[in-house]
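First up is the structure itself, then whatever we jot down about it.
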Protein chains: 2
Amino acid sequence: MAKSGTVSKIRHQGVVGPSDTRRALIDAATETLKAEGFAGASARAIAGRAGCNQGLVFYHFGSVVNLLLAALDAVSADRLEHYGTAVSGVDSPSELVEVAAAIFQEDLDAGYVSVLVAMIAGASSTPGLGPEVADRIAPWIQFAQQAVEVSLVDSWLSSAIPSQDVAVAVVALYLGLEMLTHLDGDRAPALALFEHANRFAALFASMTGPTTKDGSGETGPEEAR
Amino acid sequence: MAKSGTVSKIRHQGVVGPSDTRRALIDAATETLKAEGFAGASARAIAGRAGCNQGLVFYHFGSVVNLLLAALDAVSADRLEHYGTAVSGVDSPSELVEVAAAIFQEDLDAGYVSVLVAMIAGASSTPGLGPEVADRIAPWIQFAQQAVEVSLVDSWLSSAIPSQDVAVAVVALYLGLEMLTHLDGDRAPALALFEHANRFAALFASMTGPTTKDGSGETGPEEAR
DNA sequence: GTCTATACTTGGATAGAC
DNA sequence: GTCTATCCAAGTATAGAC
């Protein structure tokens with residue numbers, strides 16, 4: 001077999017890659033957060049899902065909370081990279097809304113956002129967890145802001161709306177819709193919302209025409225102030 | 001003193017009113033949910049805050065979860081009644097946004113919405129809790145829907161936007177903003193959002209003029225479809 | 001690196017005295 | 001109704017064998 005003595009000796013964390021168990025624990029922690037929430041994400045529950053011993057949680061991560069943060073890191077990195085490729089071709093608000101709707105459905109199915117919700121809620125229960133979670137949520141807001149700015153390039157809306165505030169609203173809506181949808185299992189209202197958002201994006205775009213193509217619409221209606 | 005023998009005999013739960021301890025436990029449960037989240041809301045923590053024995057939680061409510069649901073009921077009834085009086089004079093979207101901004105600041109200061117967030121998040125951890133919480137969140141959505149409908153009476157927007165979807169969005173935004181604000185303690189972005197919402201409400205109102213006064217604006221722009 | 005075993009703590013819940 | 005005392009289950013974390 002290819003697994004000679006020297007090869008197996010190199011295979012420790014940090015050189016070739018993380019150990020299988022470490023990875024399994026992170027995945028199991030993610031799944032446990034999705035299914036059982038923060039209060040249900042104990043070392044025993046996670047290790048049981050990972051098919052290994054409970055003590056390994058502390059060997060690999062030092063504490064349960066550290067493992068949960070590692071899981072949050074993994075989900076964050078995974079999704080943000082995915083979002084980045086998804087919005088790479090977007091250059092209008094209505095396109096952005098369409099992409100966001102598709103991504104939101106993905107996240108809802110896979111339960112990625114419920115990991116964020118669980119960790120944010122859990123931050124209230126565990127001393128010192130708040131700032132750690134906040135640091136890991138910030139990139140989501142930053143990404144949303146960037147996406148909004150890119151989609152609004154050359155639009156009169158870009159001067160009317162501070163992109164940072166819109167980004168906060170988008171992430172807040174994302175988290176809130178996840179909570180409500182998760183609560184009663186009915187995703188219809190959430191999906192309907194994206195439909196309306198799409199119509200509104202088209203409406204706003206029509207108020208000055210396709211500015212990116214004819215280049216005539218520089219200013220919006222005065223009422224927008 | 002007015003507290004004669006017969007009067008004190010009537011003073012048991014359900015006739016004159018709930019016992020002091022019962023009320024104290026509900027209040028303490030609310031405070032504990034705000035401060036420690038769902039995972040930190042144990043019988044001991046709550047009883048400690050209420051200044052009574054831990055066993056009384058089970059005597060009065062049967063289980064910790066039942067007490068938490070009673071606390072959610074109390075917060076819900078309290079706030080929804082308050083909201084009702086706050087929006088009683090509203091008859092335009094921009095007025096509604098103004099009232100909502102004021103209410104949101106109140107809720108943020110008092111931490112009422114964090115009780116909802118904690119219970120929704122906790123519903124993932126406790127079997128059977130989900131539907132109970134969902135039943136208690138539904139009135140919030142229903143109230144929001146009603147408020148939106150009232151504010152849009154005679155506006156062309158009322159036919160363009162299904163009020164139920166807007167209500168879900170408003171509640172989701174409410175929950176999400178609470179989470180994000182609670183996380184890093186900075187309420188500035190949330191408050192800025194209400195400012196922008198106000199401008200947009202005014203913008204939409206201006207698109208057909210004050211329809212409730214001249215009665216001419218029945219239809220909106222075709223782009224609204 | 002992984003397992004077993006164990007110490008320690010906290011939490012839900014009940015029994016019984018007052 | 002309230003308290004003390006207690007049982008039992010579950011959780012975190014560590015020690016030590018393999």
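Letters A, B, ... mirror the listed sequences (proteins, then strands); counts begin at 1. Since this is a predicted model, take the numbers as computed values, not measurements.
Judged by distance alone, with hydrogens and angles left aside, the side-chain atoms of A:S92 form a donor-acceptor pair with the main-chain N or O of A:E95 at under 3.5 Å.
Residue B:L56 contributes atom CG, which lies 14 Å from atom C1' of C:dC18 at whole-angstrom precision. B:Y59 places its OH atom 5 Å from the C1' atom of D:dG1, with the value rounded to the nearest Å. Note: NE2 (B:H60) to P (C:dG12) measures 17 Å, nearest angstrom. Rounded to whole Å, the distance from CD1 on B:I46 to P on C:dG11 is 11 Å. Per the geometry, CG belonging to A:L25 stands 12 Å off C1' belonging to C:dG1, to the nearest Å. Taking atom CG of B:L67 as the reference point, atom P of C:dG11 lies 15 Å away to the nearest angstrom. In this structure, the CD atom of A:Q54 is 10 Å from the P atom of D:dG11, given to the nearest Å. For A:F58 and D:dA13, the CZ to C1' distance is 5 Å, given to the nearest whole Å.
Considering A:V113, A:L80, A:T30 as possible partners of A:V75, the one that fulfils the side chain to side chain contact (heavy atoms under 4.5 Å, CB included) test is A:T30.
Contact annotation: B:S63 side-chain N/O to C:dG12 OP1/OP2 distance is not under 4.0 Å.
Using a 3.5 Å distance cut-off with no hydrogens or angles, the side chains of B:S163 and B:E149 do pair a donor with an acceptor.
Looking at heavy-atom distances under 4.0 Å, A:V64 makes contact with sugar-phosphate atoms alone, never a base.
Minimum atom distance to the side chain of B:R44 is reached by C:dA13, of the listed D:dG11, C:dA13, D:dC3. For B:S42, the side-chain atoms get nearest to C:dG12 when compared with the rest of C:dC3, C:dG12, D:dA13. With distances taken from any side-chain atom of B:N53 to the nucleotides C:dG12, D:dC3, C:dT2, the minimum falls on D:dC3.
Salt-bridge check for B:R49 with B:D27: failed, with every basic side-chain N at 4.0 Å or more from each acidic carboxylate O.
Where A:G40 and B:G51 meet DNA chain D, the nucleotide closest to each residue was compared, and B:G51 sits on the side nearer the 5' end.
Between B:Y83 and B:W140, the ring centre distance stays below 6.0 Å.
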